[in-house]
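Structure, as structure tokens:
All values reported here derive from a predicted model rather than from experimental measurement. Below, all heavy atoms of this structure are taken into account, side chains as well, without hydrogens, waters or symmetry copies.
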Amino acid sequence: MSSGPAQTTTWRSWPSREALTRVGVPRGRIILDHTLIAGLSVIVLAGCYTSGAFGGWYTPLPPLGFGLCVVASLRYHRTTVDHRLAASLGLLAVIALCGLGAYAAGAPTPATVIWIVVSVMAMERLPLRAGLATVAALVAGFVEADETGILGAGVTTAAVLLIGYSLRLDAEARGAGFQLLAQERLAREAEAASAALAERARIAREIHDVLAHSLSAQMVHLEVARLQIEAGADRAEILKLVTSARSMAREGLAETRHALSALRGDMAPVEDYLRELARGDRAEVDVTGERRDLPAEASQAVRRVAQEALTNVRKHAPGARARIRLAYGADEVSLEIRDFGPPGAAGGTRVGDELGSSGSGYGLLGMRERAELLGGSLDAGPEGPGFTVRLRVPA
């Protein structure tokens, strides 16, 4: 029951525009088609004059009729591409009437050739229903013009249907191929656009993390400077903190450039970076497993998490001893940053508590989101007197 509408659509549907425009037709096929058209033209014109029907004043009529058929054929090509059925049928009627004129003047062979061409054009380029109707309308002409009668007309009609439908299938197959190529091209463009957006998001995330780390560290130093100013501390100590914050701003810009270089694949080994990072905080670094180059995103995740974790140590437990452990596994890399709590001095604890209230509070959330985007995980929480951050990412 459900096949009825689909069959109706098939009978009424036009060939695809790619098929009708003959896009991608090989050069050899074009030459062959033009040769065939030229041969049929010679047959039509020669048949008109050899029949003796166009002598005297009627001598110019065959070239004029042939020119009219050529113009109608060219227009027919355009109207079928535009899927204009009425105009297309009208143009075929003009060509068929030229054949009828030739037959009426006593030239049946040129008339038959013209009607065959009209039938093939209809079967090749019109909806099937319209094409079959056109052929059916010309069957009477085939019967009348063929000396063998109905038998010859039947053979001619069958040949016309076979040739026209074969050309139609060939054009539709070629058009379907170009449609698939166009769809594949669009899919590739969409994939490239998606990859570009993902790369932009990754670069934005890296720059955000670098600047957030840098600005957070500056805030720590400036907050300490504020507390010392309120406590009446020595001017030299306050100036040292402000100078250090300015140096961190410069380092933040340098780190941004470093992150962009890392995204392009120009990176130092992760363990070297961690040792350099830990040197400023006098943290221990322990690396286990077989060293290897990590993917850019995994390497950046390790670097940013280490930065953020050490910044949190300075913020919440200034002066605390910290340890960094990097372990290369078979298909992943893990990082652990642990501090052992602030020194026991009350002043240090008090400053750490006040500094702990500064900052945005999104550091751990950003680190966890980064790990999950890579298919990994991040755990962070108190452990003994200190705090531990554990990162695992595929690599």
Side-chain angles (χ1 to χ4, degrees), residues 14-15 20 22 32-150 152-165 167-168 171:
W14 291 78
L20 292 173
R22 297 175 63 82
L32 179 61
D33 290 346
H34 288 170
T35 303
L36 179 60
I37 293 172
L40 292 175
S41 302
V42 171
I43 292 174
V44 170
L45 291 175
C48 288
Y49 288 115
T50 57
S51 66
F54 294 96
W57 292 98
Y58 299 105
T59 301
L61 290 181
L64 291 176
F66 180 76
L68 179 61
C69 290
V70 170
V71 172
S73 299
L74 295 176
R75 289 297 304 161
Y76 174 78
H77 179 85
R78 183 69 261 170
T79 56
T80 53
V81 171
D82 295 337
H83 292 178
R84 295 159 55 192
L85 182 59
S88 300
L89 290 174
L91 291 169
L92 288 182
V94 170
I95 302 173
L97 287 175
C98 290
L100 181 61
Y103 178 77
T109 299
T112 302
V113 172
I114 292 175
W115 291 336
I116 289 174
V117 171
V118 169
S119 301
V120 171
M121 291 169 63
M123 286 297 300
E124 181 184 7
R125 302 182 66 86
L126 293 180
L128 281 178
R129 189 173 67 174
L132 290 173
T134 302
V135 175
L138 294 173
V139 168
F142 295 147
V143 173
E144 184 67 24
D146 199 307
E147 296 179 355
T148 59
I150 296 178
V155 173
T156 301
T157 302
V160 164
L161 293 174
L162 179 62
I163 294 172
Y165 193 66
L167 292 174
R168 180 192 189 92

For this session: Might you point out which heavy atoms bring Val160 and Val120 nearest each other, and give the distance in Å?
Result: CG1-N, 4.0 Å
Problem set entry | Set of residues satisfying side chain to side chain contact (heavy atoms under 4.5 Å, CB included) with respect to Ser73, sequence neighbours excluded | Ile95, Met121
Exercise. Rounded to the nearest 0.5 Å, what separation is found between the CD1 atom of Ile116 and the OG1 atom of Thr156?
Worked result: 5.5 Å
For this session: Compare all side-chain heavy atoms of Leu97 with those of Leu100 and state whether any distance is below 4.5 angstrom.
Result: yes
Exercise. How far apart are the closest heavy atoms of Ala111 and Tyr103, and which atoms are they?
Worked result: CB-CB, 3.6 Å
Problem set entry | Qualifying salt bridge (Lys or Arg N to Asp or Glu O under 4.0 Å) pairs, either residue in residues 113-125, two or more places apart | Arg22-Glu124
Exercise. Hey, are the side chains of Leu161 and Met123 touching, using non-hydrogen atoms and a 4.5 Å cut-off?
Worked result: yes
For this session: List the atom of Val94, the atom of Ala72, and the distance in Å for their closest heavy-atom pair.
Result: CG1-CB, 4.4 Å
For this session: Working to the nearest 0.5 Å, report the span between CZ of Arg78 and OG of Ser88.
Result: 10.5 Å
Exercise. For the residue pair Gly65 and Cys98, what are the closest heavy atoms and their distance?
Worked result: O-SG, 4.0 Å
For this session: Can you run down the salt bridge (Lys or Arg N to Asp or Glu O under 4.0 Å) pairs that involve residues 93-121, sequence neighbours left out, and say none if there aren't any?
Result: none
Exercise. What residues form a side chain to side chain contact (heavy atoms under 4.5 Å, CB included) with Ile37, not counting sequence neighbours?
Worked result: Ser41
For this session: Might you point out which heavy atoms bring Leu126 and Gly131 nearest each other, and give the distance in Å?
Result: CB-N, 4.2 Å
Exercise. At what distance, to the nearest 0.5 angstrom, does SG of Cys69 lie from CG of Leu74?
Worked result: 11.0 Å
Exercise. Going by heavy atoms in the side chains, are Leu32 and Leu36 under 4.5 Å from each other?
Worked result: no
For this session: Not counting sequence neighbours, which residues clear ring pair (Phe, Tyr, Trp, His ring centres under 6.0 Å) with His83? List them please.
Result: Trp14
Exercise. Quick one: side chain to side chain contact (heavy atoms under 4.5 Å, CB included) partners of Arg84, sequence neighbours excluded?
Worked result: Arg75, Thr79, Asp82, Ala87
Problem set entry | Rounded distance (nearest 0.5 Å) linking atom CG of Leu91 with atom OG1 of Thr80 | 9.5 Å
Exercise. Of all heavy-atom pairs between Leu138 and Val118, which one has the smallest distance, and what is that distance?
Worked result: CD1-CG1, 3.8 Å
